[in-house]
**Student:** 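Take a look at the following structure, please.
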Amino acid sequence: MHQPTPPATATDNRRLRDGPPWPPSADGGLLGPAQPRGRAPRPTPARAVPHGPGCVGGLPPTHNALICVALPGLAISTEHGQLTGQGLEGFYRAGRRLLARCQVRVAGREPLAVQARMTGADSARFVGTLRASPAAGPDPDVVVERVRHADGTERIILRNCAPHPLRLPLEVALGTDLADLGAIASGVPGPEVAASVHDSGLRWTTATGNASVTADPPPSDALASAGLLRWEFELPPGGTESVELRVRPDGASPLRAVGRAATSPLAPARATGDDPRVPVLLRASIDDLQALLLRDPAHPTDSCLAAGAPWRCGLAPAEALAAARMALPLGTRLAAGTLRTLARTQLRGPGPRTGMIPGPRRDAGAHLPPGCTGTEATLLFPVLLAEARRWGLPDQETRELLPAAERCLAWLRTTVGDRTYLRDPEPGGPTRGETQAHAHRAALLGADLLDACGRPGSGGLRQWAAELRKAFRVDFWVDDRGGGRPAAALTPDGRPLAHLGSTAVHLLDTGLLGGGELAAGLLDKVQTEQLARLLGGPAMDSGWGLRGLGAKEAGHSPFGHRSGAVRVQETALAVAGLAATGYEKEAGGLLRGLLAAAEHFGHRLPEMFAGEQRREGSAPLPHPAACRPAATAAAAGILLLTTLAGIRPDAPAGTVTLRPVHSAPLGELGLTGLRVAGAPFSVRVSRLGQAMVEEAADGLQLGV
């Protein structure tokens, strides 16, 4: 075992930033060429969109869009409310833009936009005003309200605020290109399609798709050549009239979003407390998770999460597993559906990849080549199953999923072989620190799962995990005058790459065992203390959350999605890991920063935002290409708040242990409607950091 080498020099960092000669993928197609994030294999038909540096013309910005989501439906608008067909604007279903333009004119004029806001994860409200007559003075005499839903409906409401009757002609100009979201992202959506009059509206047809808009009440006039519907309304003072438009493919039934079904897998939890932002964040997080739910058509009882809207509306295995794990306090049904869905994608048959869950490559920032999310997903699978069992997954479902988890663990042991570390699947690739953290957690929780189910193999997993811990604490620790730091990776010749990034938080995420205990970590106590100090320092903590790469590291960029931007999921994992290891000051600082950022984002956190330093009077800068909502960001809101209560269930043993954050950084907090052991669970944390269970399953005992 070699001794740690000094940190990389500036020359070393420059060479890595310019692109080390990592060999191309040689896995026979599992990884394929480095793909932009968002290209995940999908067992569901929902579409994902390629994006990244290779897209023609760059992505249309999303940071200023109002995105209504109820998959497979989307409605994307600007704050003006008019759909002009520019950029991403329009109604979508299953990745196709059904309607691109929907422009309202009243009395021959466009309303003046005065307000636009989301009214839920799947709906937005736009309000405009206008003066219908020159004698109206400075005050508007007509209010135009538009309520837009992701299911393809829009209601236009006219209100007469004048003291006299008004005759108001209403015109709605409609048009579409029926473009695929991928073509829109690439800047080549194609021309508008000619319309025809159809039923009580208009219809568009191409060789690849069709769509129609129907209106209630039917228009008094429909002009296909102009794509125009017209009405004439007589409104008394204070009177209102409304028109409802319905957009859908020909012959399609009304959209039934998975998250709106009575069988949604997520419990409707609620929060109360001293901090008024807490209940809003929890409600928004659950709403966004509901909006991103997908159902496998071949197995309609199984639901899982899409990665995010608008770019990643399909299943990304690693993100789906990570989000389901953070959402376990809302019940185990999402975890079970995700595990069953991904078990059906697991590779079978002879060969070194047997047992692996396929996943795309993902950019790893300025210093490392793209990583394999399939490796991460394969290691997360047994972890999620083991922890879901602790939260109350029934024994029968656990045993049904156990063979798939065993295949994941067998892949781990086979791939490691007689080595200490789990290397990248491509020859000559690095040995990543975060991969070792995932593998170590999978080994320990997997061994716990095997023992609980009476299956062999736990001893070998625990022995390897112990050897990994011993070696990691030497090989992956780089001493320096600041107290040292964990290496992000080892090069093929064993040199540590010493740059500090947010992937180090996975070293604190050890996993839940029985009796409320957490698994051992890869770092020793002194190293953990030093990592906590680094994560809480100004180089990593932007004041809004954790930077993906430290501000002092070569290649840092505040907008780099793996090289400086704040990634919400990793910030939440840092808060949970720091709190669990007793570093409450650092955890509280990151928590308060992310909660402040959430307030600026309307409590709908994006997957990432710029890692600019927070200053008095400043606001977090949005990333123009970030998904919002995103599954991991929404689930991170659940993890942040439940971390404060420190809920550690052991449903098979009939106990739940509470390890609250004693500093109570948000004051008093109450969480109701969670689920532990299949029953409602409520807990309250006082301003003194003491936790009390207020509702629980019959027979569930409070652990010590």
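FYI, side chains are in, hydrogens and waters are out, and symmetry mates aren't considered; it's all heavy atoms of this structure.
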**Student:** How far does CE of M356 sit from OG1 of T414, to the nearest 0.5 angstrom?
**Tutor:**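 Here the rounded value is 12.5 Å.
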**Student:** Ignoring hydrogens and angles, tell me if any N or O in the side chain of R562 forms a donor-acceptor pair with the backbone of G365 under 3.5 Å.
**Tutor:**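 Such a contact is absent between R562 side chain and G365 backbone.
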**Student:** For A631 versus A323, what's the shortest heavy-atom pair and its separation?
**Tutor:**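 So the two residues come closest at O-CB, 3.8 Å.
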**Student:** Atom CH2 of W391 and atom CD1 of I647: how far apart are they, to the nearest 0.5 Å?
**Tutor:**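 If we round to the nearest 0.5 Å, W391:CH2 and I647:CD1 are 5.0 Å apart.
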**Student:** Rounded to the nearest 0.5 Å, how far does OG1 of T510 lie from CG of L518?
**Tutor:**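 Between atom CG of L518 and atom OG1 of T510 there are 4.5 Å.
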**Student:** Contact between L385 and L393 at the side-chain level, heavy atoms closer than 4.5 Å - yes or no?
**Tutor:**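 Side chain of L385 against side chain of L393, heavy atoms only: contact under 4.5 Å found.
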**Student:** Between R441 (side chain) and D509 (backbone), is there a donor-acceptor pair under 3.5 Å?
**Tutor:**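 Flag set: sc R441 to bb D509 pair under 3.5 Å.
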**Student:** To the nearest 0.5 angstrom, please state how far the NE2 atom of H440 sits from the CG atom of L461.
**Tutor:**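 The NE2 atom of H440 sits 11.0 Å away from the CG atom of L461.
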**Student:** Using a 3.5 Å distance criterion without hydrogens, assess whether the side chain of T378 forms a donor-acceptor pair with backbone atoms of G374.
**Tutor:**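 Answer holds: yes.
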**Student:** Quick one: pull up CG in D524 and CD in E529 and give me the separation to the nearest 0.5 Å.
**Tutor:**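 So the CG of D524 and the CD of E529 are separated by 10.5 Å.
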**Student:** Which heavy atom in S285 sits nearest to a heavy atom in I638, and how many Å separate them?
**Tutor:**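 Shortest heavy-atom separation between S285 and I638 comes out as CB-CD1, 4.0 Å.
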**Student:** I'd like to check W477 versus Q530 (side-chain heavy atoms, cut-off strictly below 4.5 Å). Are they in contact?
**Tutor:**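 Counting from C-beta outward, W477 and Q530 do come under 4.5 Å.
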**Student:** So Q436 and H506, side-chain contact (heavy atoms from CB on, under 4.5 Å) or not? Walk me through it.
**Tutor:** CA-CA 9 Å; Q436 311 319 306; H506 296 288; over 6 Å; no
**Student:** Taking the side chain as every heavy atom from C-beta outward, state whether T655 and P649 have any pair of such atoms under 4.5 Å apart.
**Tutor:**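 Sidechains of P649 and T655: no contact.
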**Student:** Say whether S663 and E584, considering side chains only, have a donor N or O and an acceptor N or O under 3.5 Å apart.
**Tutor:**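 A donor-acceptor contact under 3.5 Å links the two side chains.
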**Student:** Look at R325 together with E387 and state whether they make a salt bridge at an N to O cut-off of under 4.0 Å.
**Tutor:**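 Salt bridge flag = yes for E387 with R325.
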**Student:** Return the minimal non-hydrogen interatomic distance between G359 and C372, and the atom names on each side.
**Tutor:**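 Looks like O-SG, 4.4 Å.
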**Student:** Looking at R390 and A651, would you say the former's side chain and the latter's main chain have a donor-acceptor pair under 3.5 Å?
**Tutor:**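 No, because the side chain of R390 does not come within donor-acceptor range (under 3.5 Å) of the backbone of A651.
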**Student:** Take H367 and L549 through the test side-chain contact (heavy atoms from CB on, under 4.5 Å) and record every step on the way to the result.
**Tutor:** CA-CA 10 Å; H367 297 275; L549 184 66; 4.1 Å; yes
**Student:** Do the side chain of R419 and the main chain of T415 share a donor and acceptor less than 3.5 angstrom apart?
**Tutor:**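 Yes; at least one donor-acceptor contact below 3.5 Å.
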**Student:** Is there a donor-acceptor pair closer than 3.5 Å between any side-chain N or O of R469 and the backbone N or O of A520?
**Tutor:**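 Side chain of R469 to backbone of A520, a donor-acceptor pair under 3.5 Å: no, none is there.
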**Student:** Any donor-acceptor pair under 3.5 Å linking the side chain of S686 with the backbone of Q690?
**Tutor:**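 Between the backbone of Q690 and the side chain of S686 there is a qualifying donor-acceptor contact (under 3.5 Å).
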**Student:** Would you say L379 and W411 make side-chain contact, with heavy atoms under 4.5 Å?
**Tutor:**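 Side-chain contact under 4.5 Å: yes.
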**Student:** Test salt bridge (Lys or Arg N to Asp or Glu O under 4.0 Å) on E586 and R533; report intermediate values, then the result.
**Tutor:** CA-CA 7 Å; E586 292 80 1; R533 187 185 69 80; over 6 Å; no
**Student:** Taking side-chain contact (heavy atoms from CB on, under 4.5 Å) as the criterion, tell me which of L671, L330, L328, L282 meets it with T642.
**Tutor:**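 Result: among L671, L330, L328, L282, L671 is the only option passing the side-chain contact (heavy atoms from CB on, under 4.5 Å) with T642.
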**Student:** Quick one: closest heavy-atom pair of V683 and A691, and the distance?
**Tutor:**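 Reported closest heavy-atom pair: CG2-CB, 4.4 Å.
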**Student:** Verify side-chain contact (heavy atoms from CB on, under 4.5 Å) between Y583 and T528, making sure each step is shown before the conclusion.
**Tutor:** CA-CA 10 Å; Y583 298 99; T528 299; 4.0 Å; yes
**Student:** What are the two closest non-hydrogen atoms of A388 and T332, and how far apart are they?
**Tutor:**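 Residues A388 and T332, closest heavy atoms: O-CG2, 3.6 Å.
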**Student:** Once rounded to the nearest 0.5 Å, what's the spacing between atom CG of L384 and atom CG of L339?
**Tutor:**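 It comes to 4.5 Å.
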**Student:** For G611, is there any backbone N or O sitting under 3.5 Å from a side-chain donor or acceptor partner on W544?
**Tutor:**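 Flag not set: sc W544 to bb G611 has no pair under 3.5 Å.
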**Student:** On a heavy-atom basis, which atom in L546 and which in A574 lie closest, and how many Å separate them?
**Tutor:**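 Minimum heavy-atom separation between L546 and A574: CD2-CB, 3.9 Å.
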**Student:** Do F609 and F559 make the cut of ring centroids closer than 6.0 angstrom?
**Tutor:**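 Centroid distance F609-F559: not below 6.0 Å, so no.
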**Student:** Return the orientation label for the F476 and Y421 ring planes: parallel under 30°, perpendicular over 60°, tilted otherwise.
**Tutor:**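 Ring orientation, 0 to 90° scale: perpendicular.
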**Student:** Suppose we call two aromatic rings close when their centres sit under 6.0 Å apart. Are H623 and H63 close by that rule?
**Tutor:**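 That pair fails the under 6.0 Å test.
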**Student:** Only counting residues at least two apart or in another chain, list the ones meeting side chain to side chain contact (heavy atoms under 4.5 Å, CB included) with D275.
**Tutor:**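 Checked D275 against side chain to side chain contact (heavy atoms under 4.5 Å, CB included); matches are R277, V278, L595, L666.
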**Student:** Let me see the working for R413 and E406 under salt bridge (Lys or Arg N to Asp or Glu O under 4.0 Å), right down to the final yes or no.
**Tutor:** CA-CA 11 Å; R413 295 296 291 125; E406 288 184 291; over 6 Å; no
**Student:** Any side-chain heavy atom of V566 within less than 4.5 Å of one from T571?
**Tutor:**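 They are in side-chain contact.
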**Student:** Is there side-chain contact between D424 and T431, with at least one heavy-atom pair below 4.5 Å?
**Tutor:**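 Of all side-chain heavy-atom pairs linking T431 with D424, none is under 4.5 Å.
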**Student:** Could you tell me whether the side chain of Q613 and the main chain of S542 form a donor-acceptor pair under 3.5 Å?
**Tutor:**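 Checked: pair present.
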**Student:** Is there a side-chain contact between T375 and P425 (heavy atoms, below 4.5 Å)?
**Tutor:**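 Yes; the side chains approach each other to less than 4.5 Å.
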**Student:** Would the distance check show the side chain of E607 and the main-chain N or O of V568 forming a donor-acceptor pair, the cut-off being under 3.5 Å?
**Tutor:**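 No, because the side chain of E607 does not come within donor-acceptor range (under 3.5 Å) of the backbone of V568.
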**Student:** Can you list the steps and then say if V656 with D650 is a side-chain contact (heavy atoms from CB on, under 4.5 Å)?
**Tutor:** CA-CA 6 Å; V656 61; D650 188 353; over 6 Å; no
**Student:** Tell me whether the count of non-hydrogen atoms from other residues, nucleotides or ligands lying under 6.0 Å of CZ in R648 goes above 12.
**Tutor:**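 Count over threshold, so yes.
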**Student:** Find out whether R485 and D480 are in side-chain contact, i.e. whether some heavy atom of one side chain is under 4.5 Å from a heavy atom of the other.
**Tutor:**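 When only atoms from C-beta onward are counted, D480 and R485 do touch, with a gap below 4.5 Å.
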